Amino acid sequence: MKWLKTLRVRFALWVGLLLFVVLVGFGVYVYFRMLHNLTSAVDDYLRLSATQAMVAVEVSNGQITFDSSLPEGVAAANLVQRGLTIRIFDPTGHMVQSYGPFGYYPVDQKVLAASRGGSAGFSIIYNAAGDDIRAYTAPVFSNKQVVAIIQVAQDAGNIQDTMDSLGITLLLVIPMIVLIAGVGGYFLASRALAPIDAITRMAHRISAEDLSKRLDLPRTDDEVGRLASTLDEMLARLDHSFQRERQFTADASHELRTPLTAMQTILSVVRQERRTQAEYERAFDDMAEVTDRLNNLTENLLDLARRDGHPSSVQEPVDLSNLLRDVSDSMRPLAEEKGLALECSVPDGLALTGDSDELIRLFVNLLDNAIQYTPAGRIALSAGKTRGNGMMVCVADTGVGIAPEHLPKIFDRFYRVDSSRARRGAGLGLAIAQEIAREHSGGIKVRSEVGQGTSFTVTLQ
Ligand code: ADP
């Protein structure tokens with residue numbers, strides 16, 4: 001029964017079932033409407049004929065005659081010629097005269113009794129062997145007295161014939177239409193769902209190792225076309241992030257290898273022969289510097305790994321004005337050590353909600369870079385409010401600057417303009433800084449001119 005679960009079969013069954021219900025409802029309505037219309041047409045004809053025949057009934061001295069020699073009587077005789085049967089009864093219910101083919105058919109006394117009481121009505125006077133004889137029985141009045149009863153009857157068998165053939169037609173046609181609609185529905189559904197099968201087959205073939213495959217179905221603007229292109233876009237995004245991940249692992253391994261090789265070299269040089277106390281001390285200092293770098297690098301790597309997809313959950317009120325002044329105070333000795341002036345012009349009252357530790361890290365990174373890449377001159381830290389509800393902080397230096405071709409890449413992980421120039425960093429500082437700014441609904445922009453200096457502008461919300 002697995003086939004029953006496929007969408008195309010279920011769709012075909014639903015179409016068939018729905019159409020069946022609608023057509024049966026329609027058929028029943030048409031059948032009974034037609035029956036009612038045909039019966040009313042016969043009844044109208046019988047009532048009219050009875051009215052015409054009534055004028056030919058004569059009663060004198062208790063004698064009832066149906067005079068067909070009168071003009072009206074001629075009309076009554078015409079009715080007989082048209083296949084009608086006319087029967088005349090006296091008020092006691094005895095038949096006086098009868099004309100037409102069904103004259104001697106049984107008389108329903110109940111119907112006659114009703115007419116004696118003064119009311120007219122329709123009845124079936126015989127129904128067997130394919131005959132269905134319908135009659136209209138009505139009293140004939142004279143001086144408000146029922147003096148005779150007239151009954152006009154006609155074979156209504158043709159109504160039944162018509163209804164039978166209509167019934168057979170409906171019984172044959174309805175299942176046929178249902179079958180055609182079901183088969184049509186199945187093929188339509190198969191056509192519409194063919195791309196879904198292609199998607200399923202392709203999805204089976206795509207693995208995490210090879211995300212470069214695409215569905216590449218013909219572009220159509222329907223639901224399936226949109227699904228296919230959305231899946232292709234998703235695959236492209238996954239492919240990109242997998243590649244990024246791979247690149248990150250490769251870069252990280254490479255960065256880790258450099259200090260490890262340096263440590264190995266220091267150790268092997270020291271172990272070659274006996275060294276003086278001063279040489280050992282230098283070797284220890286070198287080792288300490290390398291481990292410091294290694295430590296710094298692993299911390300940054302851990303930070304980035306933790307951050308990916310999990311922004312800091314700390315949301316506290318931060319006094320940005322004080323925070324910036326504290327950061328610049330803590331970095332000033334480092335700047336002055338290099339003979340650089342660090343100016344800080346921050347107005348009071350800059351406040352936001354965020355993670356103060358992260359913000360400190362951001363500005364320390366920027367100031368640290370500014371000090372590192374400025375041989376002489378000054379560094380300026382300034383801040384203010386933006387036109388919206390945000391804030392901006394600018395760190396400008398008069399340092400070496402960054403060439404235009406490097407500017408778009410400096411926020412990439414592990415990107416360094418000149419690896420020999422940046423001996424301390426591994427190219428992760430700005431990547432982390434940018435992530436922190438984004439976590440605070442902001443960003444970082446950079447402007448730089450080689451030999452003139454660089455300025456980083458951080459916006460925060
Ligand atoms: P690193 O940790 O190596 O400094 P960053 O991500 O902080 O890495 O910076 C990336 C690169 O951008 C650095 O290698 C450096 O060349 C360049 N850079 C960053 N800040 C400045 C600056 N203030 N002046 C000149 N170059 C800079």
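As the structure lists them, so they are numbered: ligands from 1, and atoms in each ligand from 1. Given the structure is predicted, the values throughout are model-derived calculations rather than measurements.
Atoms of ligand 1 found under 4.0 Å from any heavy atom of Ile410, numbered from 1 in the order shown, are 10 (C), 12 (O). Interface of Arg416 with ligand 1, defined as ligand atoms under 4.0 Å from a residue heavy atom, comprises 3 (O), 14 (O). Atoms of ligand 1 found under 4.0 Å from any heavy atom of Val417 (numbered from 1 in listed order, with element): 14 (O), 16 (O), 17 (C). Numbered from 1 in the order shown, with element, the atoms of ligand 1 that lie under 4.0 Å from a heavy atom of Tyr415 read 10 (C), 11 (C). Annotation for ligand 1: atoms under 4.0 Å from non-hydrogen atoms of Ala426 are 2 (O), 3 (O). Listed by number with element, the atoms of ligand 1 under 4.0 Å from a non-hydrogen atom of Phe456 are 20 (N), 23 (N).
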Tell me, with the steps shown, if Arg361 and Asp303 meet salt bridge (Lys or Arg N to Asp or Glu O under 4.0 Å).
-> CA-CA 11 Å; Arg361 190 152 187 211; Asp303 181 275; 2.4 Å; yes
Apply side chain to side chain donor-acceptor pair (under 3.5 Å) to the pair Glu281 and Gln277, showing each step before the final yes or no.
-> CA-CA 6 Å; Glu281 275 172 15; Gln277 179 70 17; 3.3 Å; yes
Could you go through the side chain to side chain donor-acceptor pair (under 3.5 Å) check for Ser441 and Gln461 one step at a time?
-> CA-CA 6 Å; Ser441 318; Gln461 286 286 329; over 6 Å; no
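A donor-acceptor contact shorter than 3.5 Å is absent between the side chain of Gln160 and the backbone of Gly157. A donor-acceptor pair under 3.5 Å is formed between the side chain of Thr291 and the backbone N or O of Ala288. Checked by atom type and distance alone, the side chain of Ser321 pairs as donor or acceptor with a backbone atom of Leu350 at under 3.5 Å.
At least one N/O-N/O distance between Asn369 and ligand 1 falls below 3.5 Å. At a 3.5 angstrom cut-off on N or O pairs, Gly427 counts as close to ligand 1. Ligand 1 has no nitrogen or oxygen under 3.5 angstrom from a nitrogen or oxygen of Gln372.
The option with the heavy atom closest to atom 5 (P) of ligand 1, from among Leu430, Asn365, Val395, is Leu430. For atom 23 (N) of ligand 1, the nearest non-hydrogen atom from the set Asp412, Ile402, Asp397, Ile432 belongs to Asp397.
For Phe26 and Tyr29, the ring centers sit 6.0 Å or farther from each other.
A tilted orientation is assigned to the rings of Phe248 and Phe414, their planes being inclined by 30° to 60°.
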